Amino acid sequence: MPFDRRRDRRLGRRLPVSLPARMETLDGDIDALCIDLGSDGLALRSDYVPRAGEHIVIAIQAPDVGGQPSVPLRVKAEVRRCNSVGGGLYEIGFRIVERHG
């Protein structure tokens, strides 16, 4: 999938995480793993191959705190890059365009 790497210019810092996520795509809901997260973007690992520039609603499940279930972070994000990492998995970089809730 040809993506222009010059377009993947991060404006903010990203923190490495390992959190379950779900993408609401044109092809249905897809499970993923959030591997980094920042105020302006995030990266997921999944077997899904998105379309360049596709807008996807993503729900990221934060860990429970003090026995209380957490509310998922929901964002609408634009696909900026997609790279194969082997084993049928892809790392997908997103720019957050809208926060839900």
Side-chain angles (χ1 to χ4, degrees):
M1 170 176 262
F3 286 94
D4 184 352
R5 290 192 177 276
R6 293 171 293 175
R7 292 180 56 204
D8 185 30
R9 304 280 187 224
R10 294 181 182 169
L11 298 176
R13 291 183 55 154
R14 301 273 185 96
L15 298 173
V17 296
S18 181
L19 299 170
R22 176 159 292 211
M23 296 183 282
E24 297 173 14
T25 74
L26 299 173
D27 299 322
D29 289 355
I30 308 288
D31 288 329
L33 179 68
C34 182
I35 58 172
D36 74 37
L37 182 60
S39 62
D40 64 340
L42 63 129
L44 300 180
R45 192 162 283 167
S46 174
D47 60 359
Y48 179 69
V49 178
R51 293 154 187 85
E54 182 176 353
H55 283 213
I56 297 175
V57 174
I58 301 167
I60 302 165
Q61 186 63 51
D64 297 343
V65 177
Q68 299 297 316
S70 64
V71 176
L73 168 67
R74 289 180 52 84
V75 298
K76 182 183 216 178
E78 176 187 17
V79 174
R80 302 295 285 190
R81 64 177 176 83
C82 180
N83 304 313
S84 174
V85 293
L89 293 176
Y90 297 87
E91 186 173 299
I92 309 163
F94 294 91
R95 178 181 64 88
I96 296 172
V97 296
E98 185 178 307
R99 287 167 183 76
H100 296 223

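Because the structure is predicted, anything quoted here is derived from the model rather than measured.
In terms of heavy-atom proximity, A21 sits nearest to L44 at CB-CD2, 4.0 Å. The nearest pair of heavy atoms linking Y90 to V85 is N-CG2, 4.1 Å. Heavy atoms only, all atoms of each residue included: G38 and I96 are closest at O-CD1, 3.8 Å.
At a threshold of 4.5 Å between non-hydrogen side-chain atoms, the residues L15 and L37 do not count as touching. Annotation: side chain of I58 is not in contact with side chain of R74 (no heavy-atom distance under 4.5 Å). Inter-residue side-chain proximity for S46 and M23 is flagged as met; some heavy-atom pair is nearer than 4.5 Å. Here the side chains of P63 and L19 are in contact, with some heavy-atom distance below 4.5 Å. With contacts defined as side-chain heavy-atom distances shorter than 4.5 Å, the pair E91/R81 qualifies. Side-chain contact between L26 and E54 is present, with heavy atoms from C-beta onward closer than 4.5 Å. In this structure, F94 and D40 have side chains that are not in contact, with every pair of non-hydrogen atoms separated by 4.5 Å or more.
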Between D47 and I30, does the side chain to side chain contact (heavy atoms under 4.5 Å, CB included) criterion hold? Intermediate values first, please.
CA-CA 9 Å; D47 60 359; I30 308 288; 4.2 Å; yes
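A donor-acceptor pair is defined here as one N or O able to donate and one able to accept, closer than 3.5 Å; such a pair exists between the side chain of S70 and the backbone of A62. Between the side chain of D36 and the main chain of A43, a donor-acceptor pair closer than 3.5 Å is present.
Note on V75: it clusters hydrophobically with Y48, by side-chain heavy-atom contacts below 4.5 Å among ILVMFWY residues.
A salt bridge does not link E24 to R22: none of the charged nitrogens lies less than 4.0 Å from a carboxylate oxygen. Salt bridge D27/R51: present, at least one basic N to carboxylate O contact under 4.0 Å.
Separation of atoms CZ (R95) and CD (E78) is listed at 4.5 Å; rounding is to 0.5 Å. Between the CZ atom in R99 and the OG atom in S39 there is a gap of 6.5 Å [rounded to 0.5 Å]. With rounding to the nearest 0.5 Å, the separation of CD1 in I60 from SG in C34 is 4.0 Å.
Counting side-chain heavy-atom gaps under 4.5 Å among Ile, Leu, Val, Met, Phe, Trp and Tyr, the cluster of L33 also holds I35.
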